[in-house]
Amino acid sequence: MEHEVYVPFPVRTVRQALTEPERVARCVPGVQLDADAAPHRPEGRLRLRVGSSTITYRGALTVSGDPADGPGDAAPAAPDAVAPVTVEASGTETRGDGTVALTLTVRFAPASEPGPGTTLVCAGAVRSAGRLAAADEQSAATAGRRLLDRFAENLASDLTDRPVDGGPKGEGPAAVPQSVFDTEVPPPSLDPSGDAEDDVSVVADPDEPVDAVADDVPEVASFGADADDDEAEFDVAPAEAAHARRTMIGRSAEEVDHAPPRGRYAPVPAPETGGSSVPLRWAAPAAAVVLASAVVVGRVLRRRR
């Protein structure tokens, strides 16, 4: 399997970081290192997700490569040519008898996109038995590529937090050029026709006393006796409004929103038309019954005479 990943750091910095076994093991996603493991041969657990299943391995990792970044014997003497690094890992399943062994060769190449950095050309071979061997080839290859992509992201974060020892000063993550569409657009002014943003005088000086700022505020012109009368009229709150304010205290916002209006804004109840019509409804039949009874009684009395 071959796969390429990008790290936004110089070639020599990335190679020196990959010669540290503890850093390499720490950047592997899903790994949990033992506290008492040796730095040159870290050990721990690795949770690997393949397809819809998760396999937990327990094993160790070693790195082969001289920290001195020089080209190999057969490599051309290029300015950025460095020797490859070989990573070997082996482990056994925590629940089962399955085993896995990995041999990964990492070569380094300068990169210019998406920014100055390093491209890691990874070529590896996996020998497995157990649950990983039972998985289909496509799921295993997808899991390997996802593992290398996340490893490159973790390596870049780790180099930012823990730079390599003896690295050149000023080396850091390369700045990725941003597109014009990624530039943050300032929010528009609330008043498009106003010049408050360009006028510096409208912003109060924090060192200036409050009284001095208050003196610059123009006074409101008086409108005569009528304005004073209106102001006095609004100062006196109606009794209904005062009662409404007292009853609103202690209620939640939802209760206040759904509460019926009170005071002068309360709806006027509709006149009850049904109450007076009920007696009138029974008055006419009762009068008819009384009149018929009087007629019958009168006829009976006439016959007796």
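Sequence neighbours left out, not one pair with a member in residues 105-133 passes salt bridge (charged side-chain N to carboxylate O under 4.0 Å, His left out). Counting only residues at least two apart or in different chains, salt bridge (charged side-chain N to carboxylate O under 4.0 Å, His left out) contacts with residues 34-58 comprise D34-R58, R41-E43.
When the side chain to side chain contact (heavy atoms under 4.5 Å, CB included) test is applied to P29, the partners found at least two apart in sequence or on another chain are L147, R150, F151, N154. Residues satisfying the side-chain hydrogen bond (donor to acceptor under 3.5 Å, both in side chains) test with R162, not counting sequence neighbours, are D158. Under the side chain to side chain contact (heavy atoms under 4.5 Å, CB included) criterion, V106 pairs with L18, L104, F108, L120, C122, not counting sequence neighbours. Partners of E93 under the salt bridge (charged side-chain N to carboxylate O under 4.0 Å, His left out) rule, at least two apart in sequence or in another chain, do not exist in this structure. Evaluation of the side-chain hydrogen bond (donor to acceptor under 3.5 Å, both in side chains) rule for T62 yields no partner, not counting sequence neighbours. With sequence neighbours excluded, no residue satisfies side-chain hydrogen bond (donor to acceptor under 3.5 Å, both in side chains) with R146. Residues passing the side chain to side chain contact (heavy atoms under 4.5 Å, CB included) test with E22, sequence neighbours excluded: R26, P39. Judged as a side-chain hydrogen bond (donor to acceptor under 3.5 Å, both in side chains), and not counting sequence neighbours, D97 has no contacts. Taking the side chain to side chain contact (heavy atoms under 4.5 Å, CB included) definition, one finds that D161 meets it with nothing, sequence neighbours left out.
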Are Y57 and T99 close enough, and set up right, to give a side chain to side chain contact (heavy atoms under 4.5 Å, CB included), and what steps lead you there?
-> CA-CA 8 Å; Y57 291 99; T99 59; over 6 Å; no
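A25 and L33 make their closest contact through CB-CD2, 3.8 Å (heavy atoms, listed as atom of the first residue, atom of the second, distance).
The backbone N or O of F9 sits nowhere less than 3.5 Å from a side-chain atom of T13 that would complete a donor-acceptor pair. Without hydrogens or angle criteria, T118 side chain to P110 main chain gives no donor-acceptor distance under 3.5 Å. Side chain of T160 to backbone of A156: a donor-acceptor contact under 3.5 angstrom is found.
In the hydrophobic clustering of this structure, M1 groups with V85; members are Ile, Leu, Val, Met, Phe, Trp, Tyr whose side-chain heavy atoms approach within less than 4.5 Å, directly or through other members.
Residue V297 shares its hydrophobic cluster (ILVMFWY side chains chained together at separations under 4.5 Å) with L301.
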